[in-house]
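Each remark here refers to the structure printed beneath this line.
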Protein chains: 2
Amino acid sequence: MNMQAEATDTRTAHAAAFADLDFDLLRRYVQVIRHKLTADQYLYHAGQPFQALYFVHSGCLKTVELADDGRDQVTGFRMRGDLLGIESIGLRQHACSAVALEQGEVWELPYPAMLTACRELPELQAKLTAALAEQIRQDHAWMLNVGTLNAEQRVASFLVDVAARYARLGYSARHFILRMRRTDMANFLALKHETVSRAMTRLDDLRLIAVERREVRVLDDAGLRRMAAGCAS
Amino acid sequence: MNMQAEATDTRTAHAAAFADLDFDLLRRYVQVIRHKLTADQYLYHAGQPFQALYFVHSGCLKTVELADDGRDQVTGFRMRGDLLGIESIGLRQHACSAVALEQGEVWELPYPAMLTACRELPELQAKLTAALAEQIRQDHAWMLNVGTLNAEQRVASFLVDVAARYARLGYSARHFILRMRRTDMANFLALKHETVSRAMTRLDDLRLIAVERREVRVLDDAGLRRMAAGCAS
DNA sequence: TCCCGGCGTTACACACGGTTACAAACCGTT
DNA sequence: AACGGTTTGTAACCGTGTGTAACGCCGGGA
């Protein structure tokens with residue numbers, strides 16, 4: 001849901017997913033600890049000691065960047081197969097917070113053990129590095145969208161990306177339930193929640209989607225993608 | 001110049017710089033190739049084969065994300081000590097373009113050789129990973145600023161960050177020359193160049209800075225930082 | 001030296017999205 | 001079923017930043 005370029009073009013074709021990792025092999029080196037999460041539960045707070053990465057097994061979480069003066073920015077949403085905490089690598093304390101949007105389960109991967117495991121398993125090292133690079137590309141795609149698209153286009157782009165992520169997980173890209181509130185979506189897209197509401201109803205009016213609160217049905221995929229790209233009208 | 005949090009707080013205190021790397025040691029493993037660049041010269045284009053990372057030895061470059069429909073977004077500015085190309089790790093082709101803003105020199109680090117060198121030098125591997133994570137944190141700080149600050153505050157924040165980067169390189173944080181045009185600044189800050197101009201003159205009117213085209217003098221550092229934070233007025 | 005093109009600045013009208021306010025729908029609790 | 005709190009939707013107004021245009025400045029080339 002990081003609004004990365006929707007089409008898997010040649011540049012992103014080889015983006016490695018952490019999901020298809022051999023966890024049985026990994027468990028020989030790293031003690032993987034399962035954690036159940038409930039809605040609104042913090043997985044970690046900004047400022048807490050950084051000790052582990054987290055693999056999302058189920059559910060959906062948001063990562064939130066915080067400023068000293070109280071400003072906050074949702075920097076992404078993570079679902080099954082995504083890795084959490086990589087942004088804090090090299091620090092002693094977490095750079096941001098991670099909050100569960102619904103109940104779910106994450107697998108804790110203690111970082112010191114991961115480091116030694118990386119020395120034994122070059123494949124793991126490559127996957128981790130690839131995950132970091134992929135995160136940078138996602139963020140840059142977000143910058144491009146927020147920097148160049150208007151409110152409606154941003155919302156459309158977001159929905160296209162969400163749909164693609166659901167498709168990758170084997171769910172329907174045509175009909176899904178958003179896991180986050182309007183406020184979270186708005187914050188992520190650098191908009192206000194009223195604006196997101198208006199954009200959603202407008203996309204509904206245009207028969208591109210059918211919305212009912214968090215339930216979204218994609219009626220005109222091509223049209224939605226056209227809207228998500230720079231094309232006006 | 002990526003508008004990261006200006007104060008080096010406890011969270012960013014251990015951000016590893018690639019600058020203090022032992023290049024003599026690295027040269028035993030990697031054939032470092034020097035490249036001179038002239039203003040407006042592309043170091044690499046989006047879509048070109050990804051074969052190397054680049055260490056900026058002198059000069060200033062911008063990285064530009066491109067969309068199929070022609071939209072473009074400046075994702076950052078790189079100066080001496082910064083690493084270029086890391087966002088394309090794991091891909092066959094570069095994900096973005098890099099353009100020199102002035103004459104300068106970069107050192108090409110062929111990536112396959114870097115990979116093998118990383119296996120021999122754990123310190124190098126750590127530095128590379130840290131550089132990737134640091135990039136993510138910079139991007140998230142940018143998201144926070146663009147998502148929550150108005151035009152004036154963004155420009156102030158940008159100037160504070162530029163000043164900090166110059167200071168780190170041993171130059172004056174009080175008096176410097178911007179290396180990029182208003183258009184590049186504006187694109188990076190998700191504004192229009194006219195808006196950046198107006199913001200600069202307003203910061204000048206407020207006696208926080210003294211501007212004359214690309215020349216900037218910081219008159220009230222604390223005031224500028226206050227403006228760069230969420231504080232209104 | 002003059003001319004030209006790129007860059008930066010300024011003025012003004014307008015539009016998009018923010019602000020504010022209120023209402024409706026949903027949720028969990030009692 | 002009634003209640004309160006939260007989330008979402010709708011509407012009117014307003015302000016920040018944009019679009020447009022004109023002008024000034026500076027540097028490079030003829």
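Chain naming here is simple, since letters A, B, ... match the order of the sequence lines and numbering starts at 1 in each.
The one candidate from A:Leu83, A:Leu37, A:Leu43, A:Ile33 that meets the side chain to side chain contact (heavy atoms under 4.5 Å, CB included) condition with A:Tyr54 is A:Leu43.
To the nearest angstrom, P of D:dT16 lies 10 Å from CZ of B:Arg202. Summarising the geometry, the separation between CD on A:Glu194 and C1' on D:dC13 is reported as 13 Å, rounded to the nearest angstrom. Straight-line distance from the CG atom of A:Leu191 to the P atom of D:dT8: 15 Å, rounded to whole Å. Across the protein-nucleic acid pair, A:Lys192 atom NZ and D:dT8 atom C1' stand 16 Å apart, rounded to whole Å. Following rounding to the nearest Å, B:Leu189 (CG) and D:dT18 (P) show an atom-to-atom distance of 11 Å. If you measure from atom CD of B:Glu152 to atom P of D:dG17, you get 8 Å, rounded to the nearest angstrom. Taking atom CG of residue A:Asn150 and atom C1' of nucleotide D:dG19, one finds them 15 Å apart after rounding to whole Å. Regarding A:Glu212, its CD atom lies at a distance of 10 Å from the P atom of D:dG9, rounded to whole Å.
With hydrogens and angles left out, the side chain of A:Arg181 and the base of D:dG9 share no donor-acceptor pair within 3.5 Å.
Side-chain N or O atoms of B:Glu102 include one that pairs as donor or acceptor with a backbone N or O of B:Cys60 at under 3.5 Å.
Scanning DNA chain C 5' to 3' for nucleotides with an atom closer than 4.0 angstrom to a non-hydrogen atom of chain B gives a first and last hit of C:dC7 to C:dC12.
Ring geometry for B:His57 against B:Trp107 counts as parallel: the plane angle stays under 30°, on a 0 to 90° scale with 60° as the upper cut. Note: B:Tyr111 and B:Phe50 have tilted aromatic rings, judged against thresholds of 30 and 60 degrees for the angle between ring planes.
Note on A:Arg198: a base of the nucleic acid sits closer than 4.0 angstrom, heavy atoms only. At the heavy-atom level, B:Arg213 lies under 4.0 Å from base atoms of the strands shown.
Put simply, CG on A:Asp161 and CZ on A:Phe77 are 11.0 Å apart, with the number rounded to the nearest 0.5 Å.
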